[in-house]
Amino acid sequence: MGWRMDRLGAPVGSTEGDGVDRRDFVKACMMAAAAVGLPASVGVKWAEAAEAGLKPSVIWLHFQECTGCTESLLRTSQPGIAELILDLVSLDYHETLFAAAGYQIEEALHQAMEANAGKYICVVEGAIPRKDGGIYCQIGGRTAIDILNDVASNAAAVVAIGSCASWGGIPSADPNPTDAVGAPQILEGTTVVTIPGCPANPYNFLGTVLQFVAMGSLPALDDKGRPLFAYGRTIHEHCPRRAHFDAGRFARQYGDEGHRLGYCLYALGCKGPETHANCSVMPFGEVSDAWPIGIGHPCIGCTEQGVVFNKPMHAEATLPENAYPPIHPDHRASPSAAAAGVAGIIGGAVVGAGLMASKKMSERGSEEESS
Ligand code: FSX
Ligand code: SF4
Ligand code: F3S
């Protein structure tokens with residue numbers, strides 16, 4: 001699909017000749033909705049709204065970051081999220097994607113804010129430095145703090161994309177030389193949806209924007225502003241290597257037999273047990289296994305404040321209560337003897353698996369102590 005550019009060089013949608021047809025467009029919207037746990041009807045509504053010309057204005061701010069969040073959004077394929085987003089919203093300000101610069105782009109920002117006051121979505125990418133009044137990140141002579149406060153003050157919704165914008169991310173790593181924080185810390189008292197990840201998974205961003213545009217509401221959020229549809233469970237809860245954890249089969253070194261056989265990466269420092277995200281079921285770029293654990297690397301907890309850039313990569317994760325299989329012998333009560341028998345077998349097996357995992361881990365601990 002090609003892009004139509006406005007006079008400032010901003011992408012505003014597909015060219016008429018080579019764009020997707022209506023059927024494909026609606027289908028792609030439905031797939032995107034389903035991918036983030038929303039009913040397909042939401043996708044249809046979104047497509048209808050776009051066809052009626054009801055494209056919400058999006059003002060996208062860039063501060064301290066690597067631009068990986070935008071890059072990962074542009075690298076998606078089926079359905080082309082970048083295409084969906086750029087077809088369905090009016091991207092009125094985005095420093096990376098705009099050909100314009102300087103006064104021209106600053107003018108575009110002010111025009112978009114004025115024309116869509118109270119209705120636009122403010123997307124924040126990157127951390128905001130607070131040290132020395134915020135002088136370490138300035139655009140057009142204004143600090144990131146000023147720009148964010150200004151743009152957010154008239155926005156209908158504020159979405160922080162990536163870990164940098166969510167709480168500070170890499171720029172805030174110790175010793176945090178610029179006192180970098182996320183958008184929620186600057187906009188205290190304002191609801192900020194956070195889509196952490198380094199980079200953020202584009203589908204989680206799309207799901208949030210899609211719901212807001214089609215239904216006028218934000219998804220249910222956790223206490224850190226993360227949409228529950230994406231961050232409601234830990235990686236460990238739906239990890240494809242979980243059976244190995246439960247059975248006590250661990251990779252001990254990169255390239256050892258366990259690693260080659262796809263065993264659990266806990267002993268190599270996997271932070272999946274304390275990291276909330278949906279990477280295992282929503283791989284990057286729609287490529288199967290295109291996520292850290294899928295390619296044999298432990299999760300480093302990139303969506304979790306206090307884990308990534310804080311805990312050493314090789315350090316073992318803190319195991320929460322649900323790290324072990326959830327079925328407990330007490331749950332075996334059942335109305336029928338047959339069902340009770342089956343549940344008993346299952347319960348016994350999984351409790352046994354949990355015990356096995358913990359036994360294997362402690363055996364490992366003793367081996368290490370004695371070596
Ligand atoms: Fe931060 Fe986004 Fe990490 Fe980079 O820009 S979340 S550094 S991958 O991409 O903000
Ligand atoms: Fe998966 Fe990591 Fe949990 Fe092992 S510790 S099951 S690799 S999330
Ligand atoms: Fe990040 Fe861990 Fe997912 S490192 S991409 S949260 S598997």
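Small disclaimer: the values here were computed from a predicted structure and weren't measured. Counting starts at 1 for both ligands and their atoms, in listed order. In this chain, numbering begins with 1 at the start of the sequence shown.
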Just jot down the ligand 1 atoms closer than 4.0 angstrom to any heavy atom of [X], in number order.
| X | result |
| --- | --- |
| C164 | 1 (Fe), 6 (S), 7 (S), 10 (O) |
| P199 | 8 (S) |
| C69 | 2 (Fe), 5 (O), 6 (S), 9 (O), 10 (O) |
| G197 | 6 (S) |
| T67 | 5 (O), 9 (O) |

Numbering as shown, the atoms of ligand 2 that approach G272 to under 4.0 Å (heavy-atom distance):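 So the atoms of ligand 2 that pass are 8 (S).
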Contacting atoms of ligand 2, where contact means under 4.0 angstrom from a heavy atom of R242: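 Contacts of ligand 2 toward R242, numbered from 1: 6 (S).
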Ligand 1 contacted by S163 (non-hydrogen, < 4.0 Å):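 Flag set, S163 near ligand 1.
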A127 near ligand 1 by a heavy-atom separation under 4.0 Å: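 So A127 does not count as touching ligand 1.
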Heavy-atom closest contact (I145 atom, G134 atom, distance):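 It is CD1-CA, 4.1 Å.
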Ring geometry between F245 and H236 (parallel below 30°, tilted from 30 to 60°, perpendicular above 60°):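 Perpendicular: the ring planes of H236 and F245 meet at over 60°.
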Mutual orientation of the aromatic rings belonging to Y254 and H297 [parallel < 30°, tilted 30-60°, perpendicular > 60°]: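 Ring orientation of Y254 relative to H297: tilted.
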Could you check whether [X] pairs with [Y] (Lys NZ or Arg NE/NH1/NH2 to Asp/Glu carboxylate O, under 4.0 Å)?
| X | Y | value |
| --- | --- | --- |
| D179 | K131 | no |
| R226 | D222 | yes |
| K311 | E274 | yes |
| R242 | D246 | yes |

Common cluster, I59/I186, ILVMFWY with side-chain heavy-atom separation under 4.5 Å: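 Yes, it is one cluster - the side chains of I59 and I186 are joined through contacts under 4.5 Å.
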Which protein non-hydrogen atom lies closest to [atom], naming both residue and atom, and how far is it?
| atom | result |
| --- | --- |
| atom 4 (Fe) of ligand 1 | C66 SG, 2.3 Å |
| atom 2 (Fe) of ligand 2 | C270 SG, 2.4 Å |
| atom 4 (Fe) of ligand 2 | C264 SG, 2.3 Å |
| atom 4 (S) of ligand 3 | I300 N, 3.2 Å |
| atom 5 (O) of ligand 1 | E125 OE2, 2.6 Å |
| atom 7 (S) of ligand 2 | L265 N, 3.4 Å |
| atom 2 (Fe) of ligand 3 | C299 SG, 2.3 Å |
| atom 3 (Fe) of ligand 1 | C198 SG, 2.2 Å |
| atom 1 (Fe) of ligand 3 | C302 SG, 2.3 Å |

Atom name, H236 (N, O or S, nearest to atom 3 (Fe) of ligand 2):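 The H236 atom nearest to atom 3 (Fe) of ligand 2, restricting to N, O or S, is ND1.
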P129 and Q64, any side-chain heavy atoms less than 4.5 Å apart: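 Q64 reaches P129 side chain to side chain.
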Salt bridge (Lys or Arg N to Asp or Glu O under 4.0 Å) assessment of K224 paired with E304: CA-CA 10 Å; K224 294 174 180 165; E304 204 69 54; 3.2 Å; yes
Would you mind running through ligand 3 and noting each atom that sits below 4.0 Å from a heavy atom of [X]?
| X | value |
| --- | --- |
| P292 | 4 (S), 5 (S), 7 (S) |
| C279 | 3 (Fe), 5 (S), 6 (S), 7 (S) |
| W291 | 7 (S) |

Answer with yes or no whether the side chains of [Y] and [X] bring together a donor and an acceptor at under 3.5 Å.
| X | Y | result |
| --- | --- | --- |
| T67 | E125 | no |
| Y93 | E95 | yes |
| W167 | Q185 | no |

Heavy-atom nearest option to atom 1 (Fe) of ligand 2, drawn from G296, A251, C239: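 Of the listed residues, C239 has the closest heavy atom.
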Any N or O of G68 closer than 3.5 Å to N or O of ligand 1: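 There is such a contact, yes.
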is_close_aromatic(Y203, W291), centroid dist under 6.0 Å: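 They do not qualify: ring centres at least 6.0 Å apart.
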